[in-house]
Amino acid sequence: MSACVPTRTSDSPHTERVHPPHSPPRAPHRRFRVAGADVSASIAVFLIALPLSLGIALATGAPLQAGLVAAAVGGLVAGRLGGSPLQVSGPAAGLTVVTADLIHRYGWRTTCAITVLAGLVQLGLGCLRVARSALAVSPAIVHGMLAGIGVTIAVAQMHIVLGGSPQSAVLDNLRSLPAQLADLHPAAVAVSALTLILLLLWPRLPGRTGRLLRKVPAALVAVTGATATAVFAGLTQPRVELPSWSSHALAGLPEGPVLGLVAAVLTVTLVCSVQSLLGAVAVDKLIAARPGLTAQVNRSDLDRELLGQGATNVVSGALGGLPVAGVAVRSAANVQAGAVSRNSTMLHGVLVVVAALLMVPVLELIPLASLAALVMAVGIQMVSLHHIRTVTRHREVPVYAITTLGVVFLGVLEGVTLGIAVAVAVSMHRLARTRITHDEKEGVHHVHVRGQLTFLAVPRLSRALHHVPHGSCVVVELDGSFMDHAAYETLQDWQRTHTAQGGSVELTGRRAATETDTGIGSGSGSGSEGVVPASSTVQPVNGTADSPLAGCRCRPWTPWRNHQCDAPPPEAPHGGPAAEHRAEPPNDPSDAEPDGRTSAVLPQVAESAVASGPARSAAASAPEPTEPSERVRQTDATGPGERTESIGAASAAAATGSGPSGRQLVRGISAFQRNTAPLVRGELARLAREGQQPSQLFLTCADSRLVTSMITSSGPGDLFVVRNVGNLVPPPGEESGDDSVAAAIEYAVDVLKVRSITVCGHSGCGAMQALFDAEPGGVQTPLKRWLRHGLPSLERMADPGRPWARLAGRAAADAVEQLCLTNVVEQLDHLRAYASVSRALRAGELELHGMFFHVGEAQAYLLSEAGEGRGEVFDHVGVADLSA
């Protein structure tokens, strides 16, 4: 007998169950519990899913029970097995066109079999862990696919809305639409119009009562209202018909050509998988916007989500249900309703089962025209203007348009294939398209390279460089992010030849490289002293042990990333730097980046690379950092006639021993003296002579992430900045108020005569979070005493009679962001109460502006009046606005 097996003693009064001594004791049995938030969220999702499931089944031509089966299985199976706990799966509008085409070609039972096979393929892909690869598809292709599906749905459902029957193809539906318009059915049109009106107006109900009513889903209200109207008015029209479940058709053996069935399976797999995985990523973003929820819900496991979707489609197809995918509308409703676990998704599936078994008489009262109007509205919403603006901004309109048209006129798989081909062609065109120009300004030859510098552009680059006269001063501007080996060698060989003939070469632009990086540096010819291009290369860094920058591999902008420089190189026994730590200039292309790109050193300009006056024009074209991960080689290249560091060896050595923060400070100052000071010295000298004349007072938070001059593209002398915790403006005359802010306002308005005052709030404001979480009473610390000036903002947000300030195009992410927006509006009211501000406003000499900066999106919003009853709206400021 094994020693690990317990024995029974003869005097044991009864038999006891024991666990092996090397196993942990069994956990006590825990009762299944469901959070109240999950229950309420499941009800909200159920109320949305019920009408949409019936409407999508109607749009596909499948039995209406198939929509309910898919919704129930999506909730129960995907909810339990999926990798995204809060994503709700079910019949999706994105699958409508695919399913309708399959039913038309192969019949319903074969379509169910195709769904089962697609689920098996998804299971295989999930086992291969390729879910992340699906996210590599261009967003323009995904948006175009959804837009094409939306157009197809809308055109088909338009016939049912008008009282007719749709055709199988989009072109057929478009050709028959005029005849359908001439033969309207008043009852169907009336029901459809009422459904659309309720869908449109219900989310826009004003006031406090409206906020309460809006908790009921608009889709449920629209269908219920249209159904009740049709019943009480006695309108005669087609209604939902749910046959007995005993006659419900299940999956059968697939019948049809093998290649057609394989293409169908791949199409269903592609659409279901991509939509579900993108939906899981979107749900993660919604969860991240709720800090309290992030700690309770894990991020989506995409491979497990793919496995869960595969199992769901196998079960749904086998039971005679529609194909299943993650649904964005229901998932967003689930998160917004407060769900905290996958129990809400599963409970919604249970509710669908109960409704399908017990609410058949009620469901059969719903007019088909109402469901068609609901699905048509969903299809129209799939053509998103936001997506169109996004692809336009990224210059991917051809990919979006070709994909959309391909899906509409050819099919989903064909349209996506065309979109991928166009996306590849556009990428290759951008890589190969390089514009090279050569001109002369004031005796200096400028060679401007726009685009990626690859071997395809080498002939044109050589031709342009050949036209540069020998011994001349040349500025080569590289406006791209990539340079391959062939272009590198061409440029390097030409530079060496040109400087050997007495000329000088200066490389500037986004990828400007220095001599220490690539061997292509400023020439040593006699004319080099007279060339001061708009974006000059950086003076090489002194790499001796006495320099505060010795051993530093940082980019000029790395302090923004809270980057800590590497420790200085260890010293040799006699105090000199160790030989192995000396950085040698790489004169061979092998020292370039691993992908063939050369390292670059970029000049740093104070905060925003744009200064006022003469320095502004010099700094405006300063290189834009592209890839912070690139390394920088810095060497000792100080030569005769070059400027030495302003911080001496003694002070540098002292700073080096003062700790990491002291070294970082000295390095930053040294970089300013070397790189930025030459660009702004003339402008600062003028300001020193003439005094400051700022155009605006900028009042913002002390948050370290807000770089005012960078956000506003301003420089020395442009802004009079006041920063405090929470960008607060204490009301004038308040007892124990803060005179420093009041003094700054008075000085800016009465002495400096600023023409505008801007109050700038921002996302993630710690002061607003502290104000929101503060409890009354307790010890009055300096921070609490200061934050009392923000209490009017809290009261303003809580006032039901005042509409909330909001961002254009979306609601605030959470209550704290809402408080940040409200605080900007409230502080503007405080400003108007100041006598100097009020006097200047009445005289038309001053303007007040509200601004909100979203840190994570690097996006600025400006406050604009939205009209009576709509409150204040912060409008998006985009690239197009800057040219106005």
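Contact check for Leu368 versus Arg239: no side-chain heavy atoms found under the 4.5 Å cut-off.
Formation of a donor-acceptor pair under 3.5 Å by the Glu305 side chain with backbone atoms of Gly82 is not found in this model. For Arg214 (side chain) and Arg204 (main-chain N/O), no donor-acceptor pair under 3.5 Å exists by modelled atom type. Under the 3.5 Å distance criterion, the side-chain polar atoms of Glu817 are left unmatched by any main-chain donor or acceptor of Ala812.
The side chain to side chain donor-acceptor pair (under 3.5 Å) test applied to Thr195 returns Ser370, not counting sequence neighbours. In this view, His159 satisfies the ring pair (Phe, Tyr, Trp, His ring centres under 6.0 Å) rule with no residue, not counting sequence neighbours. Remark: Ser53 pairs with no residue by the side chain to side chain donor-acceptor pair (under 3.5 Å) rule, at least two apart or across chains.
Listed by first and then second residue, the ring-ring contact (aromatic ring centres under 6.0 Å, His included) pairs involving residues 313-349 amount to none (not counting sequence neighbours). Legend: side chain to side chain donor-acceptor pair (under 3.5 Å) pairs involving residues 115-128, not counting sequence neighbours, sorted by first then second residue: Gln122-Ser273, Gln122-Asn313. For residues 43-69, no pair satisfies salt bridge (charged side-chain N to carboxylate O under 4.0 Å, His left out), with sequence neighbours left out.
For Arg299, the CZ atom is loosely surrounded, since the number of other residues' heavy atoms within 6.0 Å does not exceed 12. Counting non-hydrogen atoms of other residues, nucleotides and ligands closer than 6.0 Å to CD of Glu255 gives a total of 12 or fewer. Heavy-atom neighbours of Arg304 CZ from other residues, nucleotides or ligands within 6.0 Å: above the threshold of 12. Few gaps surround CG on Leu212; more than 12 heavy atoms of other groups in view lie less than 6.0 Å from it. A 6.0 Å sphere centred on CZ of Arg211 holds more than 12 heavy atoms belonging to other residues, nucleotides or ligands.
Paired with Val268 under the rule side chain to side chain contact (heavy atoms under 4.5 Å, CB included), one option of Val98, Val121, Leu117 passes, and it is Val98. With respect to Gln87, the side chain to side chain contact (heavy atoms under 4.5 Å, CB included) criterion is satisfied by exactly one of Val281, Val283, Val327: Val283.
Separating the CG atom in Leu52 from the CZ atom in Arg330 is a distance of 5.5 Å, to the nearest 0.5 Å. Going from atom CE of Met797 over to atom CH2 of Trp804 covers 6.0 Å, rounded to the nearest 0.5 Å. Note that the CG atom of Leu371 and the CG atom of Leu54 stand 6.0 Å from one another [nearest 0.5 Å].
Residues Ala377 and Leu199 approach most closely at CB-CD1, 3.8 Å, considering heavy atoms.
With 3.5 Å as the limit, one finds no donor-acceptor pair spanning the side chains of Thr99 and Thr60.
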